[in-house]
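A quick write-up on the structure given underneath.
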Amino acid sequence: MSNHVRVRYAPSPTGDPHVGNIRTALFNWLYARHTGGAFILRIEDTDQARATPGALEAIYESLRWLGLAWDEGPDKGGPHAPYVQSQRLPLYHQAAERLLDQSTAYHCYCTPAELEAMRRRQQEAKQPPRYDRRCRQLSEKESKARLAAGLPRVVRFKTPLEGPPVVVHDLVRGEVAFEVSVLDDFVLLKSDGFPTYHLANVVDDHTMYVTHVLRAEEWLPSTPRHLLLYQALSYDPPLLGHLPIILGPDRSKLSKRHGATSLLEYRQEGILPDAMFNFLALLGWSLDEKTEIISRSDLVRHFSLERIVKSAAIFNGEKLLWMNGMYLRQLPPDELARHVLAALEDANGLPPSVTRPLDSKYVEAIIPLVRDRLKTLKVDEVRDLCSFFFLEPPHYDVLPPAPKGMEKAAARRALEATLGALEPLAPFTPSALEGVLRPLAERLSVKTGELFGAIRLAVTGRAAAPPLFDTLAVLGRERVLARLRHVLSLLG
RNA sequence: GCCCCCAUCGUCUAGAGGCCCAGGACGGCGGCCCUUCAAGCCGCAAGCAGGGGUUCGAAUCCCCUUGGGGGCACCA
């Protein structure tokens, strides 16, 4: 089924890609893999002012983390290299020359200050801000003179003053028509010699043989310009599809101010890439009326443009957390153990007093006890959940550690009896522990819950912990007895 | 101010005229399980923005209103 689908993800290196941005990359990737086509990475760095150091690396890192491998790109090369716009300047200049020659473009000498003043006037008069085309009327002599004088200039597109509406045949929205009268003469080449997005994007999609442009909805309003440009350059336009955008909780376009929006921050927050992948795929697309957890391969198999939703979606972090928990629980235990171990050994994990490296066998043993309780792999969360397995003594919120509703004396009696019962216990296993502790509660005539609660608090330092017998068994006799003695001394 | 897009539970969505007094999921609430906390299981509350048409029949088609969003740079 391999036709010649070629799609691209074309970010500009201005910072860490945020989740909305990456969702666009994901849909492109899915479509490429679904059709057996190519997924191209192209860097749109035509604005020198906004270039951000490290941004390129962040783009690579984001795509790699999510597992979106590209077939052609700056680092990989490909048949249409280079894949960085700042290295393709001659191409844009050629195109601009052609347009100038055929008189579908012209030089404009208006200064930024003039344009700014023009816009302000229009705004005040409640007019749409648009370039008034004053340089379009320049006589040839005048134009030549200014050119010779070396005045700063830009190249603008000569948008038809009238004519039929430009209609976009959008893959997700159907036909969208724009009157040419609402379009102005946009800039193609900036005074610094760099192209604008409009020019670069059209030239590159054409020269790179891109067949489908799947980009965010915010581009829809400038699409008629691109179509006009394709026409003027006699290029066949690619198929276009505008994807719904992702909104922040306040319903505005996702931006820095919405907390964790950078994809890589979610890695920091302990989100699994597979969970993020699944979650993002379902933000604006669905398989059917019920599927939530779906594998990468099924996604590739079933992805389709037809099932892309038209309306914008709000990023729902709660659901992502739930989904992450699902993926965490599906992880093979040894893999989960590696993640947990890494978090615990992190500088913000266990305190330095706990010797490293940690015993990986011990970590593996605690996995069954914590896997249902983890929502993320965030260092803080893992540490909070697991630290009592390692700290000697564990942290007690209040001293002495007596469960609320239980007299100190009663607690001491219960723990003394427990100590006595556990000291000689032969196999220190969950069932053996249960075998002595249940009868012990009866012998002390306290409720089992009460006794277990007291032991739990003494041994783990908390009121809520994994099942007691399993926990005791994993901790092992030495630790358990030492902790009991320690607490008894505090209660004594 | 002008242009464009969108509109089903709080959120993500299913629904392409009768299968829908609208299905799933997250979250919320309640219960079961139970030594606590989770996980798991069961249940409940919660929605077709409003108004006109079209039709035997409308969440689904058309129009208007309203609401939300996006765009209008020598940024992408």
Side-chain angles (χ1 to χ4, degrees), chain A residues 10-12 14 44-47 49-50 108 110-112 115-116 119 122-131 152-156 168 170 172-173 176-179 181-184 186-192 194-198 200-201 216-224 242 244-245 247 249 251-253 279 282-293 306-307 309-323 325 329 369-375 385 403 434 437-438 441 447-457 460 462-469:
Chain A
S12 50
T14 54
E44 312 223 321
D45 60 341
T46 55
D47 185 356
R50 291 207 310 158
C108 165
C110 296
T111 64
L115 295 171
E116 183 47 43
R119 254 194 302 279
Q122 289 164 333
Q123 302 267 30
E124 275 161 22
K126 304 253 186 209
Q127 295 299 308
R130 253 173 240 157
Y131 179 57
R153 61 177 194 275
V154 302
V155 174
R156 283 184 187 271
V168 181
D170 194 278
V172 346
R173 276 151 227 282
V176 184
F178 296 84
E179 295 295 335
S181 59
V182 304
L183 271 21
D184 67 355
F186 55 98
V187 173
L188 297 171
L189 229 42
K190 303 183 254 184
S191 59
D192 63 2
F194 278 70
T196 58
Y197 171 82
H198 306 302
N201 145 274
E217 186 188 341
E218 59 206 271
W219 291 110
L220 190 49
S222 52
T223 303
H242 290 90
I245 53 175
L247 271 20
R251 309 202 59 85
S252 73
K253 205 169 135 186
F279 180 76
L282 258 29
L283 212 50
W285 183 86
S286 67
L287 175 65
D288 54 29
E289 68 287 343
K290 57 178 183 294
T291 305
E292 301 288 345
I293 304 296
E306 296 72 45
R307 292 192 65 85
V309 162
K310 286 198 261 286
S311 47
I314 294 174
F315 190 91
N316 182 199
E318 300 253 284
K319 188 163 181 174
L320 172 62
L321 244 28
W322 163 78
M323 197 170 268
R329 272 167 253 132
L369 303 185
V370 299
R371 69 182 300 152
D372 287 349
R373 277 155 262 264
L374 278 173
K375 274 190 145 25
L385 196 59
E434 183 165 10
L437 292 178
R438 276 195 195 281
K447 289 203 219 87
T448 50
E450 239 178 327
L451 174 63
F452 298 166
I455 301 173
R456 175 179 303 111
L457 185 68
T460 70
R462 32 191 95 176
L468 186 62
F469 309 128

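A, B, ... follow the sequence lines: proteins, then strands. Residue 1 opens every chain.
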B/G10 - base-pair partner by Watson-Crick or wobble geometry, distances under 3.5 Å: B/C26
Minimum heavy-atom distance A/Cys110-A/Tyr131, with the two atoms named: SG-OH, 3.3 Å
Residues forming a side-chain hydrogen bond (donor to acceptor under 3.5 Å, both in side chains) with A/Thr448, sequence neighbours excluded: none
Polar side-chain atom of A/Arg373 near backbone of A/Pro466 as donor-acceptor pair, under 3.5 Å: no
Touch class at under 4.0 angstrom, heavy-atom based, for A/Leu468 against every strand present: base
Taking every non-hydrogen atom, the tightest pair across A/Glu292 and A/Met323: O-CE, 3.5 Å
5'-most by nearest nucleotide on RNA chain B - A/Gln127 or A/Arg50: A/Gln127
By side-chain contact (heavy atoms from CB on, under 4.5 Å) - contacts of A/Asp192 (at least two apart): A/Gln48, A/Lys190, A/Phe194
Which atoms of nucleotides 69-72 of chain B (N or O only) lie under 3.5 Å from a protein N or O atom, and what are those distances?
| residue | atom | partner | partner atom | Å |
| --- | --- | --- | --- | --- |
| B/G70 | OP1 | A/Lys253 | N | 2.8 |
| B/G71 | OP1 | A/Lys253 | NZ | 2.5 |
| B/C72 | O2' | A/Pro129 | O | 3.1 |

A/Glu44, nearest nucleotide to its side chain (from B/C3, B/C6, B/A76): B/A76
Sugar-phosphate, base or nothing in reach of A/Gly284, heavy atoms under 4.0 Å: sugar-phosphate
Shortest side-chain distance from A/Phe178, nucleotide among B/U36, B/C3, B/C5: B/C3
Gap between atom CD1 of A/Ile455 and atom CD of A/Glu450 - 0.5 Å precision: 11.5 Å
Check: B/C6 base within 3.5 Å donor-acceptor of A/Ser311 side chain: no
Where protein sits on nucleotides 26-31 of chain B, one letter per nucleotide: B base, S sugar-phosphate only, - none, heavy atoms under 4.0 Å: BS----
N/O donor-acceptor pair, side chain A/Arg373 with base B/C37, under 3.5 angstrom: yes
C1'-based separation of B/G28 from B/G68 [nearest Å]: 25 Å
4.5 Å side-chain heavy-atom contact, A/Leu183 and A/Pro224: yes
Pairing partner (Watson-Crick or G-U wobble, both distances under 3.5 angstrom) of B/U54: none
Pairwise distance CG(A/Asp45) to CZ(A/Arg50) - rounded to 0.5 angstrom: 11.5 Å
Closest to side chain of A/Thr196, choosing from B/A76, B/C6, B/C4: B/A76
Atom P, compared across B/G53 and B/A59: separation rounded to whole Å: 15 Å
Aromatic contact, A/Phe452 with A/Phe469 (centres under 6.0 Å): yes
Protein-nucleotide distance (A/Met323, atom CE; B/A25, atom P), rounded to Å: 12 Å
Distance-minimising heavy-atom pair for A/Asp288 and A/Lys290: OD1-N, 2.8 Å
Partner nucleotide, any strand, of B/U60 [Watson-Crick/G-U, under 3.5 Å]: none
Nucleotide nearest A/Arg329 when distance is taken to its side chain, options B/C74, B/A25, B/G40: B/G40
Touch class at under 4.0 angstrom, heavy-atom based, for A/Ala465 against every strand present: base
Atom-pair distance (CG on A/Leu321; C1' on B/A38), nearest Å: 14 Å
Span that lies between the C1' atom of B/U55 and that of B/C63, in whole angstrom: 16 Å
A/Asp47, nearest nucleotide to its side chain (from B/U11, B/C4, B/C75): B/C75
Between B/C44 and B/C37 - P atom distance, rounded Å: 25 Å
Of A/Ala464 and A/Gln123, the one whose closest RNA chain B nucleotide lies more 5': A/Gln123
Distance, C1' atom - from B/C12 to B/C3, rounded to whole angstrom: 30 Å
Candidates B/C3, B/C4, B/C75 - which lies nearest the side chain of A/Val176: B/C4
Just the table, please: protein N/O against nucleotides 15-21 of chain B N/O, every pair under 3.5 Å.
| residue | atom | partner | partner atom | Å |
| --- | --- | --- | --- | --- |
| B/G15 | OP1 | A/Arg307 | NH1 | 3.1 |

Opposite nucleotide pairing with B/A45, Watson-Crick or G-U, both atom distances under 3.5 Å: none
Counterpart residues, ring-ring contact (aromatic ring centres under 6.0 Å, His included), relative to A/Trp322 (two or more places apart): none
B/A25 versus B/C61 - spacing of their C1' atoms, nearest Å: 30 Å
Between B/G51 and B/C42 - P atom distance, rounded Å: 38 Å
Integer angstrom distance from the C1' of B/G47 to that of B/A14: 13 Å
Any A/Arg371 side-chain nitrogen or oxygen under 4.0 Å from OP1 or OP2 of B/C37: no
